[in-house]
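Please read all numbers here as calculations on a predicted model, not as lab measurements.
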Amino acid sequence: MKSRSIFIIFMIMIPALFLLIYSLLKPRPTYVLKDLGIDNFKSSSASSVNDTGQVVGISNGGAMTHIQGFVRSQGKISSILANGGDDVIANSINIKGACTGYLHSSTLACTAFIYDHAAYTKIGTFGGKVSQAFAINNQGDVVGAASDNGKKLHAFLFKNKKLTDLGSLAGGLSSSATGINNHLQICGTSQLSDGSTHAFLRDNGSIKDLGTLGGPSSFSTAINDSGEVVGYAELSNVYAHAFAYKNGALKDLGTLPMGTESYAYGINREGTIVGSANDSHGVMHAMVFAKNKMQDLNNIVDKNAGWVLSEARGINNSGVIVGKGFKNGEMHAFMVEPIRS
């Protein structure tokens with residue numbers, strides 16, 4: 001009788017034991033996910049985050065008919081970037097809270113801007129109707145692309161209220177600057193005479209072609225204060241892979257398991273890279289690349305949150321990541337913060 005009682009107790013304990021083992025072995029989230037909301041809009045996405053945790057991005061649809069930029073500080077919207085009937089595309093924010101991007105009008109004209117203390121500083125062109133700003137450093141220097149009167153785009157640096165043409169790679173037809181660090185190193189892309197596009201690094205006035213990963217084209221997106229450049233490049237099979245340029249070499253960052261493509265959009269001081277990559281079904285997922293390993297951001301946040309994080313656009317020096325994802329069929333801006341052990 002006693003042995004039967006022991007057997008019954010043992011059988012009751014087995015499921016509890018398995019649950020305990022599962023809970024110990026189950027991968028735990030390494031990031032905390034925060035919904036940045038959509039407010040009165042149908043969708044939102046985050047573009048950049050600074051080292052104080054301020055986030056810049058865009059909202060679209062809903063009660064408004066135009067795209068509006070936003071700045072979120074301390075968990076709430078602190079500024080709405082609106083300009084009459086123009087779309088306001090906000091791309092980057094620096095440590096002082098100054099933002100940059102461009103205004104897009106119904107006439108298809110684009111005007112690059114700096115938004116600081118609720119005021120716009122508009123950045124001109126090289127004689128054309130288009131200027132777009134993509135990045136701003138902590139000194140307030142801005143890079144982007146502006147057209148001449150022949151509609152050719154030129155990479156520019158806007159510093160001390162002066163617009164400077166950064167040129168292009170040899171034989172370049174047009175160019176665009178996409179990233180700048182606090183040492184005035186600049187990354188960008190330049191279209192060559194054969195129609196291909198190559199990523200470049202501009203340092204001390206000289207422009208270096210970063211090459212490709214075997215295909216015709218490459219595109220840079222961001223640079224950190226160590227001069228490491230990230231972006232994506234086509235392979236010989238036409239698929240694109242995220243890359244990192246460091247110490248004179250272009251490194252293929254690979255893909256997620258069973259995926260075919262990846263894209264890098266941001267890099268911080270530690271060299272942690274964020275972007276997106278597709279899964280085995282071709283669905284784009286936000287990714288983070290650190291310690292020579294690419295991870296699906298969806299696998300290292302709480303999976304019970306009901307999200308599909310599709311794109312990570314920016315990362316600050318504390319490892320805070322922002323981007324966009326889908327929640328209940330709506331596109332929401334998100335922030336994920338590392339869990340400190």
Side-chain angles (χ1 to χ4, degrees), residues 29-104 113-121 133-138 140 265-266 268 274 286 288 297-298 300-302 304-340:
T30 53
Y31 288 90
V32 174
L33 173 62
K34 294 184 178 180
D35 186 354
L36 298 186
I38 56 175
D39 299 295
N40 296 320
F41 298 88
K42 287 185 178 179
S43 65
S44 68
S45 63
S47 309
S48 175
V49 57
N50 68 15
D51 285 341
T52 70
Q54 290 179 299
V55 179
V56 69
I58 60 173
S59 296
N60 187 24
M64 301 295 179
T65 58
H66 300 285
I67 297 172
Q68 292 191 346
F70 66 79
V71 178
R72 295 189 73 96
S73 302
Q74 298 179 342
K76 63 182 181 180
I77 287 186
S78 56
S79 297
I80 290 288
L81 283 64
N83 191 66
D86 294 339
D87 290 332
V88 182
I89 311 300
N91 288 323
S92 181
I93 187 168
N94 70 7
I95 192 68
K96 299 175 183 177
C99 309
T100 196
Y102 59 93
L103 310 173
H104 183 245
F113 68 80
I114 300 171
Y115 183 86
D116 192 16
H117 292 93
Y120 286 99
T121 297
F134 299 116
I136 185 170
N137 67 11
N138 289 340
Y265 297 122
N268 70 1
V274 296
V288 57
L297 203 54
N298 291 277
I300 47 181
V301 298
D302 183 1
N304 295 320
W307 282 75
V308 176
L309 305 180
S310 59
E311 195 172 85
R313 296 295 305 192
I315 181 170
N316 70 11
N317 290 320
S318 298
V320 176
I321 301 169
V322 296
K324 66 180 182 181
F326 291 88
K327 181 180 181 182
N328 299 323
E330 297 175 328
M331 188 171 75
H332 286 221
F334 72 79
M335 171 190 286
V336 294
E337 298 178 347
I339 297 174
R340 307 298 179 186

- For Trp307 and Val301, run side chain to side chain contact (heavy atoms under 4.5 Å, CB included): C-alpha distance rounded to whole Å, both residues' side-chain angles, the deciding distance at 0.1 Å, then the answer. CA-CA 10 Å; Trp307 282 75; Val301 298; over 6 Å; no
- For the pair Lys327 and Phe334, evaluate side chain to side chain contact (heavy atoms under 4.5 Å, CB included) and give the outcome as yes or no after the intermediate values. CA-CA 10 Å; Lys327 181 180 181 182; Phe334 72 79; over 6 Å; no
- Task: Please lay out, stage by stage, how Tyr115 and Asn83 fare under the test side chain to side chain contact (heavy atoms under 4.5 Å, CB included).
- Result: CA-CA 11 Å; Tyr115 183 86; Asn83 191 66; over 6 Å; no
- Could you go through the side chain to side chain contact (heavy atoms under 4.5 Å, CB included) check for Val49 and Val55 one step at a time? CA-CA 4 Å; Val49 57; Val55 179; 4.0 Å; yes
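Every residue was checked against the ring pair (Phe, Tyr, Trp, His ring centres under 6.0 Å) condition with Phe134, not counting sequence neighbours, and none meets it. Partners of Ser78 according to the side chain to side chain donor-acceptor pair (under 3.5 Å) rule, which considers only residues two or more places apart in sequence or in another chain, are Ser73. Residues forming a ring pair (Phe, Tyr, Trp, His ring centres under 6.0 Å) with His104 (at least two apart in sequence, or on another chain): none. Asn138 meets the side chain to side chain donor-acceptor pair (under 3.5 Å) test with no other residue; sequence neighbours excluded. With sequence neighbours excluded, no residue satisfies side chain to side chain donor-acceptor pair (under 3.5 Å) with Thr121. Glu337 is linked by a salt bridge (charged side-chain N to carboxylate O under 4.0 Å, His left out) to Lys34, counting only residues two or more places apart in sequence or in another chain. In this view, Asp116 satisfies the side chain to side chain donor-acceptor pair (under 3.5 Å) rule with no residue, not counting sequence neighbours. Contacts of Ala333 classified as side chain to side chain contact (heavy atoms under 4.5 Å, CB included), with partners at least two apart in sequence or in another chain: Leu36, Ser44, Ala46, Phe70.
Nearest approach of Ala312 to Ala286, heavy atoms of both residues: N-CB, 3.7 Å. Minimum heavy-atom separation, Ser318 to Asp51: N-OD1, 4.5 Å. The shortest non-hydrogen separation linking Met331 to Ser45 is CE-CB, 4.4 Å.
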What pairs of donor and acceptor atoms, side-chain ones from residues 93-103 against any protein atom, are under 3.5 angstrom apart with sequence neighbours left out?
from   : atom 1 : to     : atom 2 : distance (Å)
Asn94  : OD1    : Lys96  : N      : 3.0
Asn94  : OD1    : Gly97  : N      : 3.2
Asn94  : OD1    : Ala98  : N      : 2.9
Asn94  : ND2    : Asn137 : O      : 3.0
Thr100 : OG1    : Phe113 : O      : 2.7

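A donor-acceptor pair under 3.5 Å links the side-chain atoms of Asn316 to the main chain of Asn50, judged by distance alone. Judged purely by atom type and a 3.5 angstrom limit, Ser47 uses its side chain to pair as donor or acceptor with the backbone of Ala90. Distance alone, capped at 3.5 Å, places no donor-acceptor pair between the Asn60 side chain and the Ser43 backbone. Here the side chain of Asn268 pairs no donor or acceptor atom with the backbone of Ile315 at under 3.5 angstrom.
Distance check: Leu309 CG to His332 NE2 gives 12.0 Å after rounding to the nearest 0.5 Å. Here Gln68 contributes atom CD and Ile58 contributes atom CD1; the two are 11.0 Å apart, rounded to the nearest 0.5 Å.
Side-chain contact between Val288 and Val274 is present, with heavy atoms from C-beta onward closer than 4.5 Å.
Pairs passing the salt bridge (Lys or Arg N to Asp or Glu O under 4.0 Å) check and including a residue from residues 83-92, sequence neighbours excluded, do not occur.
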